[in-house]
Amino acid sequence: MQLSEQELLRRQKCQELRNMGIEPFPAELFPFTHHSQVAKHEFEKWEAQKEENPLKVVLAGRLMSFRIQGSASFAELQDEKGRIQLYFRRDDLCPTEDKSLYNNVFKKLLDIGDIVGVHGHLFRTQLGEITLHVTQFKLLTKALKPLPVVKEAKDDSGNAITYDAFSDAETRYRQRYVDLIVNPHVREVFRKRTRLVNVMRRYLDALGYLEVETPILQPLYGGAAARPFKTHHNTLDMTLYLRIANELYLKRLIVGGYDGVYEFSKDFRNEGMSRFHNPEFTQIELYVAYKDYEWMMDLVEEMVEQIAIELHGQTTVRVGQNDINFARPWKRMTMFEAIQHYTGVDISQMNEEQLRTTAQKLGVETDATMGKGKLIDEIFGLHCEHLLIQPTFITDYPVEMSPLAKKHRSKPGLVERFEAICNGKEICNSFSELNDPIDQRERFESQVELGMRGDEEAMTLDEDFLRALEYGMPPTAGLGIGIDRLSMIMTNSASIQDVLFFPQMRPEKKVHNATVADFKALGVAEMYVPIIQKLGFWTIEDFKKNTANKLHNDLCSMRKKMKLENVPNPTQEEVESWLSHS
RNA sequence: GAUUUCGUAGCUCAGCUGGUAGAGCAAUACACUUUUAAUGUAUGGGUCCCGGGUUCGAAUCCCGGCGAAAUCACCA
């Protein structure tokens with residue numbers, strides 16, 4: 001591995017610290033008393049009460065910047081809750097003649113990114129910033145890689161300006177730890193995501209529903225239209241699929257007698273990736289017995305409204321250019337009404353041929369395999385969905401698109417299903433669950449037929465699920481909410497990668513350069529490897545193309561140029577032996 | 001999967017019609033006892049993503065690859 005100048009330097013500093021008896025990676029715990037923000041609040045109280053005794057605290061965190069001014073210095077310490085300024089003064093840290101703790105350890109051997117613990121008392125600088133006057137500090141972890149340095153300032157009106165923001169998307173996603181260190185708003189996004197999940201959990205627990213876990217490895221995948229990931233179990237010698245949904249398992253639990261079950265489930269779909277799609281994503285699915293989809297709409301709008309209030313203190317959330325208001329009640333319209341509203345065409349009474357003609361007139365690309373349901377869905381997708389910015393329930397979907405939903409109680413050809421659309425995207429999907437095992441079998445069979453015709457996303461027939469239904473599942477309302485999608489809206493994130501800590505990426509390319517060990521195998525001492533690399537020989541092949549004379553010459557002159565005084569020049573014979581080594 | 005754009009120092013980015021690789025921050029050295037994008041002076045730091053081609057000469061032009069982003073298609 002080729003180390004940069006700064007990395008080499010930090011390794012040297014580590015050694016110097018050890019030489020001074022300072023362990024750069026100490027084992028013992030560090031008992032801090034406050035987080036930065038708490039300390040600041042306490043200091044404000046302390047000021048208000050006009051206390052005499054100084055307010056002493058112990059903090060721990062990462063050094064994010066230095067402003068050194070001779071025998072006094074300022075630094076920024078960042079901990080989980082924020083930042084606080086530190087003030088170091090030489091003669092406080094080093095009351096005796098020996099000033100090396102300040103002059104060497106602090107000024108020379110600490111770096112941006114190092115993690116330290118500090119003791120001291122709080123005060124306010126002349127410029128009014130609450131600051132810790134450090135009386136004692138301890139290195140807790142040395143950082144061997146330099147961090148991106150992001151600088152912040154305030155403009156005249158007090159708005160924060162960021163300079164040199166660490167913004168390269170690829171590096172941010174691949175090295176999320178760095179992103180989290182230097183971009184505080186990223187830490188905040190993920191806190192919001194967790195709070196969002198917690199609100200849901202609290203809400204559903206309060207209703208008495210049971211949080212459960214169901215298999216991720218499934219012999220049959222089902223519950224959604226999607227292509228799965230396939231894997232293999234060695235002992236059982238069988239194919240298993242990573243779940244694409246947990247619907248069929250949760251409904252088995254309703255058959256088993258629980259009134260309400262839910263699961264935050266990681267699902268896996270072997271499909272394209274985009275800023276709305278990651279191969280693994282999180283959904284909450286909820287099933288409640290003795291309810292229907294009308295009831296479920298009330299639950300969704302109440303629960304999501306609570307999320308908005310919890311995260312933003314209000315029902316309105318800014319997303320891109322739009323202010324989205326989650327206040328109940330949300331608008332409700334049937335799919336036919338939505339299409340009529342946005343296209344002016346009433347398709348509710350049309351047969352397949354009329355629908356096809358209408359779809360074509362409306363600019364939908366059609367083909368012969370598309371049935372009534374698909375045509376309606378396409379029209380809706382093209383002309384309605386992206387226009388629905390405020391949260392809206394779209395109800396009553398064509399039966400062909402919904403093989404697990406119950407037929408509508410009064411509208412033939414439709415099912416009791418709704419989606420909530422928000423910011424032009426679906427955020428949830430729900431229906432009165434199909435519990436008639438005969439009907440369910442027929443729906444599965446028509447899915448199997450689609451599969452035979454080449455639809456890779458068609459569902460498979462799950463005999464055990466049908467057997468469960470035959471024992472009787474009460475009327476049940478079911479719901480799925482995409483946690484990632486909802487998090488994007490609630491955190492105003494443009495890409496799903498911004499709400500996943502570790503979004504799926506292609507592997508980083510491995511440069512097949514020769515390693516130190518490869519050179520050692522030729523008999524080359526490790527100390528010569530940096531020189532060889534500096535000369536531009538990255539592979540053994542390139543290295544061996546040299547003649548002994550030239551290589552010896554180059555090595556000696558580069559050694560001099562690199563000022564490696566403690567590395568002796570190799571002898572001509574040594575160099576010859578490397579090149580002749582097979 | 002298709003199209004477009006991008007890949008240069010630890011970070012953010014310049015680099016024109018091809019001619020020895022640049023800035024700011026970070027680093028190193030010196031100065032500076034309440035600064036805050038601290039400041040001043042000096043110094044070091046590069047596989048210009050990888051591989052071919054054209055050319056006397058390629059970070060730059062061409063071809064191929066790898067990686068990323070945006071848009072589209074499928075999907076949540």
Side-chain angles (χ1 to χ4, degrees), chain A residues 2-10 12-13 65-76 83 85-92 102 107-108 111-113 123-129 131 133 143 145-155 160-174 178 182 224-227 244-245 267 269-283 365 381 419 425-429 455-457 480-486 488 494-497 505-513 533-539 542 562-563:
Chain A
Q2 177 76 343
L3 295 176
S4 71
E5 184 192 30
Q6 293 195 43
E7 289 173 299
L8 287 167
L9 194 67
R10 284 176 182 230
Q12 280 167 24
K13 288 180 179 182
S65 77
F66 291 101
R67 290 182 287 276
I68 291 176
Q69 308 178 53
S71 61
S73 299
F74 293 90
E76 299 265 339
R83 286 192 183 193
Q85 180 169 263
L86 307 179
Y87 178 61
F88 293 81
R89 195 160 61 179
R90 186 187 62 201
D91 298 333
D92 294 333
Y102 179 81
K107 270 170 72 174
K108 294 198 194 294
D111 285 297
I112 290 177
F123 74 108
R124 210 179 264 277
T125 63
Q126 287 179 357
L127 288 164
E129 179 153 351
T131 300
H133 188 135
K145 277 189 180 293
L147 282 177
V149 176
V150 180
K151 297 229 173 188
E152 280 186 9
K154 296 244 166 79
D155 66 10
I161 314 168
T162 306
Y163 296 89
D164 298 334
F166 176 61
S167 56
D168 177 63
E170 181 171 358
T171 323
R172 286 184 47 224
Y173 300 148
R174 287 194 195 279
V178 176
V182 302
R227 279 139 69 199
I244 58 170
D267 292 341
R269 297 190 184 174
N270 206 340
E271 293 170 343
M273 290 164 64
S274 75
R275 69 192 180 96
F276 293 102
H277 301 86
N278 194 65
E280 52 183 290
F281 66 102
T282 307
Q283 260 199 111
E365 285 184 31
E419 291 188 358
K425 279 274 166 191
E426 171 191 343
I427 57 169
C428 84
N429 185 11
D455 184 345
E456 287 185 89
E457 294 174 350
I481 299 181
I483 297 294
D484 314 289
R485 294 276 178 85
L486 188 59
M488 285 170 67
S495 161
I496 197 168
Q497 292 159 305
M505 304 284 275
R506 285 198 167 79
E508 286 180 79
K509 78 164 172 263
K510 291 198 180 65
V511 188
H512 45 276
N513 284 337
Q533 289 173 334
K534 188 79 184 175
L535 286 167
F537 305 121
W538 297 92
T539 62
D542 285 351
M562 291 169 77
K563 294 178 188 150

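Protein chains get the first letters and strands the later ones, always in sequence-line order, with residue 1 at the start of each.
For B/A70, the OP1/OP2 oxygens have no side-chain nitrogen or oxygen of A/R275 closer than 4.0 Å. Contact check, A/K108 against B/C30: a side-chain N or O comes under 4.0 Å of OP1 or OP2. The side chain of A/R174 contributes no N or O atom lying less than 4.0 Å from OP1 or OP2 of B/G67.
Ring-base stacking between A/F276 and B/A76 is not satisfied when judged by a centre separation under 5.5 Å and a plane angle under 30°.
Between the P atoms of B/G46 and B/G40, the separation comes to 26 Å (whole Å). When the C1' atom is compared between B/C11 and B/C72, the two are found 33 Å apart, to the nearest whole Å. Spacing between B/C61 and B/U54 at atom C1', rounded to whole Å, works out to 8 Å. Between the C1' atoms of B/C74 and B/G1, the separation comes to 10 Å (whole Å). Using P as the reference atom, B/G52 and B/U43 are 37 Å apart when rounded to the nearest Å. Nucleotides B/C62 and B/G18, compared at atom P, are 10 Å apart to the nearest Å. On the C1' atoms, B/U17 is 25 Å away from B/U4, given to the nearest whole Å. Rounded to whole Å, the separation between the C1' atoms of B/A59 and B/C16 comes to 14 Å.
Atom-to-atom, CG of A/D267 to P of B/A76 comes out at 11 Å; the value is rounded to the nearest Å. Distance, A/R172 CZ to B/C11 C1': 14 Å, rounded to whole Å. Here the P atom of nucleotide B/U34 and the CD1 atom of A/I68 are 15 Å apart, to the nearest Å. Remark: C1' of B/G10 and NZ of A/K145 are 9 Å apart, rounded to the nearest angstrom. Put simply, CG on A/L8 is 11 Å from P on B/G46, counting in whole angstrom units. Going from atom CZ of A/R227 over to atom P of B/A76 covers 13 Å, rounded to whole Å. Nucleotide B/G10 holds its P atom 14 Å from the CG atom of A/D168, rounded to whole Å. The distance from atom CD of A/Q6 to atom P of B/A29 is 12 Å, rounded to the nearest whole Å.
A/I161 comes within 4.0 angstrom of no nucleic acid atom, judged by non-hydrogen atoms across all strands. In this structure, A/A165 reaches the sugar-phosphate backbone alone: every heavy-atom distance under 4.0 Å involves primed, P, OP1 or OP2 atoms, never a base. Within 4.0 Å of A/R89, counting heavy atoms only, lies at least one base atom of the nucleic acid. Residue A/S167 is classed as a sugar-phosphate contact, given heavy-atom separations below 4.0 Å to backbone atoms only. Residue contacts shown for A/N270 are absent, as no nucleic acid heavy atom lies under 4.0 Å away. Nucleic acid contact for A/E280: none, since no nucleic acid atom lies under 4.0 Å from a heavy atom of the residue. Backbone-only contact: A/K13 has heavy atoms under 4.0 Å from sugar-phosphate atoms and none from a base. Counting non-hydrogen atoms under 4.0 angstrom, A/N429 reaches nothing in the nucleic acid. Within 4.0 Å (heavy atoms only), A/Y173 reaches sugar-phosphate atoms of the nucleic acid but no base atom.
Nearest-nucleotide mapping onto RNA chain B: of A/M505 and A/I427, the residue sitting toward the 5' end is A/M505.
In this structure, B/U20 makes no Watson-Crick or G-U wobble pair, since no nucleotide meets both defining distances under 3.5 angstrom. Taking a pair to require two hydrogen-bonding distances under 3.5 Å in either a Watson-Crick or a G-U wobble arrangement, B/C30 pairs with B/G40. Summarising the base pairing, B/U55 is matched to no nucleotide, lacking a Watson-Crick or G-U wobble pair whose two defining distances lie under 3.5 Å. Base pairing of B/G46: no nucleotide in any strand meets the Watson-Crick or G-U wobble criterion (both distances under 3.5 Å). The partner of B/U5, taking Watson-Crick or G-U wobble pairs whose two distances both stay under 3.5 Å, is B/A68.
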Anything under 3.5 Å between a protein N or O and an N or O of nucleotides 35-37 of chain B, put it in a table, one pair a line.
| from | atom 1 | to | atom 2 | distance (Å) |
| --- | --- | --- | --- | --- |
| B/U35 | O4' | A/Q69 | NE2 | 3.1 |
| B/U35 | O2 | A/R67 | NE | 2.7 |
| B/U35 | N3 | A/Q85 | OE1 | 2.8 |
| B/U35 | N3 | A/Q85 | NE2 | 3.0 |
| B/U35 | O4 | A/Q85 | NE2 | 2.3 |
| B/U35 | O4 | A/T125 | OG1 | 3.0 |
| B/U36 | O4' | A/R67 | NE | 3.4 |
| B/U36 | O2 | A/R67 | NH2 | 3.3 |
| B/U36 | O2 | A/Q85 | OE1 | 3.3 |
| B/U36 | O2 | A/E129 | OE1 | 3.1 |
| B/U36 | N3 | A/E129 | OE1 | 2.6 |
| B/U36 | O4 | A/T125 | OG1 | 3.4 |
| B/A37 | O4' | A/E152 | O | 3.4 |
| B/A37 | N6 | A/Y163 | OH | 3.4 |

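In this structure, a donor-acceptor pair under 3.5 Å is absent between the side chains of A/Q283 and A/R485.
The number of heavy atoms from other shown groups lying within 6.0 Å of CZ (A/R67) is above 12.
Closest approach to the A/I112 side chain among B/U33, B/A70, B/A27 is made by B/A27 (side chain taken as heavy atoms from C-beta onward). Comparing B/U12, B/A76, B/A27 by their closest approach to the side chain of A/D111 singles out B/A27. Taking every side-chain heavy atom of A/F166 into account, B/C11 is the closest of B/A68, B/A76, B/C11. The side chain of A/Q497 sits closest to B/A69 out of B/A69, B/C25, B/A76.
For A/E5 and B/G44, a side-chain-to-base donor-acceptor distance below 3.5 Å is present, hydrogens and geometry of angles not being considered.
What you find for A/I496 and A/S274 is that their closest heavy atoms are CG2-O, 3.9 Å. Residues A/A75 and A/F66 approach most closely at CB-CD2, 4.0 Å, considering heavy atoms. In plain terms, the two heavy atoms of A/A494 and A/R275 that are nearest each other are O-NH1, 2.6 Å.
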Query raised in the report: What's the verdict on side-chain hydrogen bond (donor to acceptor under 3.5 Å, both in side chains) for A/Q497 and A/S495, showing C-alpha distance, side-chain angles and the deciding distance?
Result: CA-CA 5 Å; A/Q497 292 159 305; A/S495 161; 3.1 Å; yes
Requested in this report: Report the C-alpha distance between A/K145 and A/E7 in whole Å, list the side-chain angles of each, state the deciding distance to 0.1 Å, and finish with yes or no for salt bridge (charged side-chain N to carboxylate O under 4.0 Å, His left out).
Outcome: CA-CA 6 Å; A/K145 277 189 180 293; A/E7 289 173 299; 2.6 Å; yes
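Aromatic ring orientation, A/F74 versus A/Y87: tilted (interplanar angle from 30° to 60°).
For A/M273, the side chain to side chain contact (heavy atoms under 4.5 Å, CB included) criterion is met by A/P279, A/Q504, not counting sequence neighbours. Residues satisfying the side chain to side chain contact (heavy atoms under 4.5 Å, CB included) criterion with A/K151, sequence neighbours excluded, are A/V149, A/Y163.
Stacking of A/K425 on the aromatic ring of A/F276 is recorded, both the 6.0 Å distance cut-off and the 45° axial limit being met.
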